[in-house]
Amino acid sequence: MSFQGSEKEFILSLFLLQNPEVLENALGGIKLGKMEAEVPAGRKKIDLLSVEMNHRLPVYIETQIKQSDPIHLNTILGLLESVREGIVIWIARSFQRQHLEQVVMYLKKKKQKYISFHAIEIHPDAITEVERLNQLYKLDIWYQLKRIEEHGHPPLKQIYMYSQIPPTHSGRSIETKNFDLTRIEDVKQYMLEHLRRRVPFYLNVWKAKKHNRYSNQLSIGAGKAGIDLKLSACNQQGLSSIYLHFDWNQRKLYDSLRKDICWFQEKVHPELTAHNRKVGVIFKPDAELDVTILKLTEILERMLTHFGPLLYEGYVMKEHANSYIEQITGGIDINRIRNWVKEQVPGIHPKIASLVVEEPDTEQAYNSQLEQLSECVLGR
């Protein structure tokens, strides 16, 4: 899905999840149900999974930014082998004829499979927008996804279709919307649905989860490898919790957050703690589950606001680092740093941002600001 920090295919999946009508139109106006991204299927994951509502057939979608290749072809063939019925969609920049021929050749040998295969090409302008979005601060991407279709022509176009589903056939795939909140796995999925509505810009909430029925914790990736967000509406001790867990390889970042815990308590939550490579909040749950989840999401929003630049970009963007350090150690130009903050340059440490927002009106205030800024940076 991603390579060397690139998540272009996941960004395309998110765009389709947010705007399913784009894919529906490319397929001739079919009606898709709710979509899930990166759905576990054995040892692999399906990029997008949905349901075709009229015929109740499962819809499997594989997204690819580049031209069709043997790796994705094998993924498609493996998917065709594992399902008995459904709609299989392969999205790519362009397709090599032999790849499409191999897919059809396989299906013709498996006439007992009621499968419809669709090859969809992405418009070059849409790919350009995906590449631009991939350069953004990760928490800014969700609200910019519409740019993918704002270039004047449809971003997707169907270029090939082969079906061996009888016209009268109806499948058995039905969307389930009810939750049994006495079951741990349903509570976690219910909480995940709330997060998707409240913090959709936290992109990892859109990845499907294979819930452990014996664990109260919902675990979500938190930007850097080795850091996870853990949420629990009611843990084994009868408490609600939300915290970032840092693996040993991320102890340096954890130590820096622990050092500034008093500052983060002011910004995130007064009961925020840092202990045993965990930074978070524990509180007594409300009698109403929805109220508890609301409290968790409110804390999460503040955590993302103040921890996000550290989790996704580091303290300072690489291209600004040398200039930044030079100014801190050899005569700080606070106005320049203030401009970076106003321009929302991603990766600026939130504590530094808060220090330079206000312009001092006296020399004493300026010297105090300079001293605090120096301590903040040089102390790391």
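With 3.5 Å as the limit, one finds no donor-acceptor pair spanning the side chains of H151 and H123. A donor-acceptor contact under 3.5 angstrom links the side chains of D290 and Y190, judged on distance only. Side-chain atoms of Y60 and E62 form no donor-acceptor pair, as typed in the model, at a separation below 3.5 Å. Remark: the E185 side chain and the Q189 side chain contain no N/O donor-acceptor pair separated by less than 3.5 Å.
Taking 4.0 Å as the cut-off between side-chain N and carboxylate O, E36 and R196 count as a salt-bridged pair. For the pair K252 and D255, the salt-bridge criterion is not met [side-chain N within less than 4.0 Å of a carboxylate O].
Both L139 and W142 are part of a single hydrophobic cluster, where members link through side-chain heavy atoms under 4.5 Å apart. No continuous path of hydrophobic side-chain contacts links I220 to L294 [ILVMFWY only; heavy atoms under 4.5 Å]. In the hydrophobic clustering of ILVMFWY residues, with side-chain heavy atoms under 4.5 Å counting as a link, L231 and F201 come out together. Cluster annotation: F117 and I30 are assigned to distinct hydrophobic clusters (Ile/Leu/Val/Met/Phe/Trp/Tyr, side-chain heavy-atom contacts under 4.5 Å, transitive). By the rule that hydrophobic residues join a cluster once side-chain heavy atoms approach within less than 4.5 Å of another member, L12 and I159 end up as members of separate clusters.
Put simply, the side chain of D247 never gets that close to the backbone of Q250: no donor and acceptor are under 3.5 Å apart. Without hydrogens or angle criteria, S240 side chain to A233 main chain gives a donor-acceptor distance under 3.5 Å. Judged by distance alone, with hydrogens and angles left aside, the side-chain atoms of R56 form no donor-acceptor pair with the main-chain N or O of G171 at under 3.5 Å. Between the S256 side chain and the L253 main chain, a donor and an acceptor come within less than 3.5 Å of each other.
In this structure, N25 CG and K157 NZ are separated by 15.0 Å, a value rounded to the nearest 0.5 Å.
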For residues 82-93, please give each side-chain donor-acceptor pair under 3.5 Å, one per line with the distance, not counting sequence neighbours.
unit_1	atom_1	unit_2	atom_2	d
S82	OG	G78	O	3.4
S82	OG	L79	O	2.9
E85	OE1	H169	NE2	2.7
W90	NE1	Q64	OE1	3.1

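Taking each heavy atom of L23 and L16 in turn, the nearest pair found is CB-CD2, 4.3 Å. When all heavy atoms of I65 and I127 are compared, the pair lying nearest together is O-CD1, 3.7 Å.
For Y202, the ring pair (Phe, Tyr, Trp, His ring centres under 6.0 Å) criterion is met by no residue, not counting sequence neighbours.
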Practice item. For K34 and E193, run salt bridge (charged side-chain N to carboxylate O under 4.0 Å, His left out): C-alpha distance rounded to whole Å, both residues' side-chain angles, the deciding distance at 0.1 Å, then the answer. Key: CA-CA 12 Å; K34 176 183 174 183; E193 296 293 339; 2.6 Å; yes

Check your understanding: Can you list the steps and then say if Q158 with Y160 is a side chain to side chain donor-acceptor pair (under 3.5 Å)?
Key -> CA-CA 6 Å; Q158 179 171 272; Y160 186 82; over 6 Å; no

Practice item. For the pair T63 and D47, evaluate side chain to side chain donor-acceptor pair (under 3.5 Å) and give the outcome as yes or no after the intermediate values. Key: CA-CA 6 Å; T63 60; D47 289 344; 3.1 Å; yes

**Study point:** Pair H55-E52, side chain to side chain donor-acceptor pair (under 3.5 Å): steps then yes or no
**Key:** CA-CA 6 Å; H55 296 91; E52 198 281 305; 3.0 Å; yes

Practice item. Tell me, with the steps shown, if K224 and Y312 meet side-chain contact (heavy atoms from CB on, under 4.5 Å). Key: CA-CA 6 Å; K224 292 180 180 292; Y312 288 95; over 6 Å; no

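Side-chain contact between Q135 and R132 is absent, with no heavy-atom pair separated by less than 4.5 Å. Side-chain atoms of K209 and L192, non-hydrogen and from C-beta on, do get closer than 4.5 Å to each other.
If you run salt bridge (Lys or Arg N to Asp or Glu O under 4.0 Å) between E129 and each of K146, K8, R147, only R147 comes through. The ring pair (Phe, Tyr, Trp, His ring centres under 6.0 Å) with Y254 is formed by just one residue from the set W248, F246, Y243, F307; it is F246.
Annotation for E288: atom CD does not count as buried by contact number, only 12 or fewer foreign heavy atoms lying within 6.0 Å.
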